[in-house]
K.L.:
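Quick one: this structure, given as structure tokens, is what I'll be asking you about.
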There are 2 protein chains.
Amino acid sequence: MIEKSKPIITPLVAVDTVILTVHNNKLCVLLAKIKFGPFKGMHGIPGGRVKIDETLENAAKRELLEKTGLTDVYLEQLYSFGSIKRDPSVRIVSVSYFALVNSNEVELKSTGKYAEITWCPVHKLETLAYDHNTIIKYALFRLKNKIRYTNIMYSLLPNKFTLSDLQKMYELTLEKKLDKRNFRKKIMSSHLIKESGIEEGVSHRPSKLYSFKSNHPVYVEIF
Amino acid sequence: MIEKSKPIITPLVAVDTVILTVHNNKLCVLLAKIKFGPFKGMHGIPGGRVKIDETLENAAKRELLEKTGLTDVYLEQLYSFGSIKRDPSVRIVSVSYFALVNSNEVELKSTGKYAEITWCPVHKLETLAYDHNTIIKYALFRLKNKIRYTNIMYSLLPNKFTLSDLQKMYELTLEKKLDKRNFRKKIMSSHLIKESGIEEGVSHRPSKLYSFKSNHPVYVEIF
DNA sequence: CCAAAAGTGTTGGGGATACACCCATGA
DNA sequence: TCATGGGTGTATCCCCAACACTTTTGG
């Protein structure tokens, strides 16, 4: 399987992962400051070469684990980008993924290749390395659509949450206010979540807590 | 950019294209009989390695041109498949595309790598080479969804067509009968097509001909 | 009793579905 | 005049959007 003494005439394969969360009441993406190469000093989403003996998804999971310490989150392949000069130094095809994480469960870790790692609001992005602005836009587009007919919000929220929490997630993602009564009707009629206790220690009427029935993707019309 | 005397430790990159059409009143996929390699003798969708100096989309267009002689058809990236053993002899990541063509405009051409090329009804598929059954299923899923909110049927039909022709395309793709009156109302209110003459030489009331206003993808809610 | 967020019902309009008959043409 | 497919309108239902007040708790 391994050929020797041949020039590389194939594009290389990398995986780039758009890791999204809600942090400080804003939809954010995980960015890393790049230490080496043509985009040294710029920020970008984490990524790296796919090893010969790992699947694309496993490469994305490896990246995710390194940067966030998380394993069981929603992860989905987005699109493959193959412009010839997206990396000016070498021909790389990037298979992009997007992940949804709950920022409270994450401790950001820098690793060898990156200088620092931060959450950056998706609507205040500087110019990023490679074609990463494009990739993030694509991820946001996909996310906006997908929350209308799946339960993938489970991956953005803690296990138990209030309906107001959930509504806020939808509002931040869709970038618009939603009507509270209609929102609740739709969510409840989707049967994706179940009651799961009562909030405590708040100085107002305590809300019911809910949790998703499934922590795996389920497809149902919601909106 | 080209490194010498190093073992290849990166997966190779290929493009596989699901070419769909309506032929003999059935939704069909273009299959090719494979001449060489581990799947010799089996059928599969056309594909091949991506060259170092061509984009993914251009690789798919090249494949399409070779097999069908067509250039200006609807072509969209589907998904990238990267199982480690999808090709048992070498690690290949396949970026899949799907295309819609009008079978009347196509003359199928065999080329070096493939023994024969045929249209095969998508619901009568044998077991194909690689993971090509999976890829085709994925393409059909995408197509079924996409015709509900885009004009991509333009690529499956001749330039001028009747509303009955169009309805038949939808029915074959969605695998269900549609109500004629409601279908026409929805299509007309989408404003995607325009009147374009009258049918001639039929032994019944001649139908109006229509054509798509745009032969490029347009997104509009239809169904 | 006040502040703060939770929780809850009704109405009206628009779009989708269901359904059946007349029309234009060639043979 | 008949066979063939082309072409059209209406009634109903359901879903969605719009909208404001009461409830519960802690301080």
Side-chain angles (χ1 to χ4, degrees), chain A residues 22 24-25 144-145 147-150 153 157-158 160-212 219-223, chain B residues 22 24-25 144-145 147-150 153 157-158 160-212 219-223:
Chain A
V22 170
N24 292 338
N25 239 10
K144 273 193 192 186
N145 286 302
I147 59 173
R148 294 177 170 272
Y149 59 91
T150 70
M153 282 289 186
L157 283 158
K160 298 189 177 191
F161 52 86
T162 68
L163 289 182
S164 297
D165 293 338
L166 182 59
Q167 183 174 345
K168 188 176 288 172
M169 292 290 169
Y170 272 91
E171 290 177 340
L172 290 171
T173 306
L174 296 173
E175 297 177 90
K176 64 176 179 189
K177 287 278 171 200
L178 300 173
D179 179 85
K180 183 161 61 160
R181 285 159 291 190
N182 293 334
F183 177 79
R184 285 164 186 239
K185 268 179 280 183
K186 279 186 235 180
I187 289 294
M188 295 319 285
S189 68
S190 77
H191 301 291
L192 291 174
I193 64 176
K194 58 170 193 269
E195 286 194 30
S196 193
I198 302 271
E199 200 180 20
E200 286 177 10
V202 288
S203 75
H204 54 78
R205 176 172 176 175
S207 62
K208 289 181 185 171
L209 296 174
Y210 292 84
S211 56
F212 279 92
Y219 288 70
V220 183
E221 284 299 326
I222 305 171
F223 290 95
Chain B
V22 170
N24 292 339
N25 239 10
K144 272 192 192 185
N145 285 303
I147 59 173
R148 294 176 172 272
Y149 58 93
T150 69
M153 281 288 187
L157 283 158
K160 299 190 176 191
F161 51 87
T162 67
L163 289 183
S164 297
D165 292 339
L166 183 59
Q167 183 174 344
K168 188 175 291 172
M169 293 290 169
Y170 272 91
E171 290 177 340
L172 290 171
T173 306
L174 296 174
E175 298 178 89
K176 65 176 179 188
K177 287 279 171 198
L178 300 174
D179 180 85
K180 182 162 60 161
R181 285 157 293 188
N182 294 333
F183 176 79
R184 284 166 187 238
K185 268 181 282 185
K186 279 185 235 182
I187 289 295
M188 296 319 285
S189 68
S190 76
H191 301 293
L192 290 174
I193 64 176
K194 58 172 192 266
E195 286 194 29
S196 193
I198 302 272
E199 199 180 22
E200 286 179 10
V202 288
S203 76
H204 54 78
R205 176 172 175 176
S207 61
K208 289 181 184 171
L209 296 174
Y210 291 84
S211 56
F212 279 93
Y219 288 71
V220 182
E221 284 299 327
I222 304 172
F223 289 95

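Naming: A, B, ... by sequence-line order, numbering from 1 per chain. Values in this document were obtained by computation on a predicted structure and should not be read as measured data.
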K.L.:
Map A/Ser203 and A/Asp179 onto DNA chain C by nearest heavy atom, then report which one ends up closer to the 5' terminus.
P.N.:
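Counting from the 5' end, the first nearest nucleotide belongs to A/Ser203.
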K.L.:
Calculate the interatomic distance between B/Leu166 atom CG and D/dG7 atom C1'; express it in whole Å.
P.N.:
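These atoms are roughly 15 Å apart.
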K.L.:
Roughly how many Å is it from CZ in A/Arg181 to C1' in D/dA18, rounded to a whole number?
P.N.:
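A/Arg181 atom CZ is separated from D/dA18 atom C1' by 8 Å.
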K.L.:
Between residues 183-197 of chain A and DNA chain C, which residues have a heavy-atom gap below 4.0 Å?
P.N.:
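Nucleic-acid contacts, sorted: A/Arg184, A/Lys185.
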K.L.:
To the nearest 0.5 Å, what is the distance between OG (A/Ser196) and CZ (A/Phe212)?
P.N.:
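The CZ atom of A/Phe212 is 12.0 Å from OG of A/Ser196, to the nearest 0.5 Å.
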K.L.:
If you compare all heavy atoms of B/Tyr210 against all heavy atoms of B/Glu195, which two are closest, and at what distance to 0.1 Å?
P.N.:
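Closest pair (atom of B/Tyr210, atom of B/Glu195, distance): CE2-CG, 3.5 Å.
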K.L.:
More 5' along DNA chain D: B/Lys180 or A/Gly201, using each one's nearest nucleotide?
P.N.:
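Its nearest nucleotide being more 5', the pick is B/Lys180.
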K.L.:
Would you say A/Lys168 has more than 12 foreign heavy atoms packed within less than 6.0 Å of its NZ?
P.N.:
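For A/Lys168, atom NZ is not crowded (no more than 12 foreign heavy atoms under 6.0 Å).
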K.L.:
Would you classify A/Lys208 as touching base, sugar-phosphate or nothing, given that sugar-phosphate means primed atoms plus P, OP1 and OP2, and contacts are heavy atoms under 4.0 Å?
P.N.:
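Sugar-phosphate contact only.
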K.L.:
Grab the CD-P distance between B/Glu199 and C/dT25 for me, whole Å please.
P.N.:
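Between P of C/dT25 and CD of B/Glu199: 12 Å.
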K.L.:
Between D/dA17 atom C1' and A/Lys176 atom NZ, what is the distance in whole Å?
P.N.:
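Nearest whole value for this atom pair: 11 Å.
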K.L.:
Once you round it to whole Å, what is the distance between C1' of C/dA6 and CZ of A/Arg205?
P.N.:
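A/Arg205 atom CZ is separated from C/dA6 atom C1' by 5 Å.
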K.L.:
Measuring from A/Thr173:OG1 to A/Asn145:CG, what's the distance to the nearest 0.5 Å?
P.N.:
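So the gap between those two atoms works out to 12.0 Å.
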K.L.:
Would you kindly give the CG-to-C1' distance between A/Leu178 and D/dC16, to the nearest whole Å?
P.N.:
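Computing the A/Leu178:CG to D/dC16:C1' distance gives 13 Å.
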K.L.:
With a 4.5 Å limit on heavy-atom distance, are the side chains of B/Met169 and B/Ile147 in contact?
P.N.:
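Contact flag for B/Met169/B/Ile147 side chains = no.
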K.L.:
B/Arg148 has an atom CZ; how far is it from atom C1' of C/dA16, in whole Å?
P.N.:
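B/Arg148 atom CZ is separated from C/dA16 atom C1' by 13 Å.
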K.L.:
Let me know the distance between CG of B/Leu209 and C1' of D/dG7, rounded to the nearest Å.
P.N.:
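Value for this atom pair: 14 Å.
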K.L.:
Does a side-chain N or O from B/Ser164 land closer than 4.0 Å to OP1 or OP2 of D/dG6, or not?
P.N.:
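Yes, within the criterion.
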K.L.:
Do A/Thr162 and A/Lys208 have side chains that approach each other closer than 4.5 Å (heavy atoms only, starting at C-beta)?
P.N.:
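No; the side chains remain at least 4.5 Å from each other.
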K.L.:
So how far is it from A/Phe161 CZ to A/Glu199 CD, rounded to the nearest 0.5 Å?
P.N.:
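Answer rounded to 0.5 Å: 13.0 Å.
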K.L.:
If you only use heavy atoms from C-beta on, which nucleotide in D/dG6, D/dG9, C/dG7 is closest to the side chain of B/Asn182?
P.N.:
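Of D/dG6, D/dG9, C/dG7, D/dG9 is nearest to the side chain of B/Asn182.
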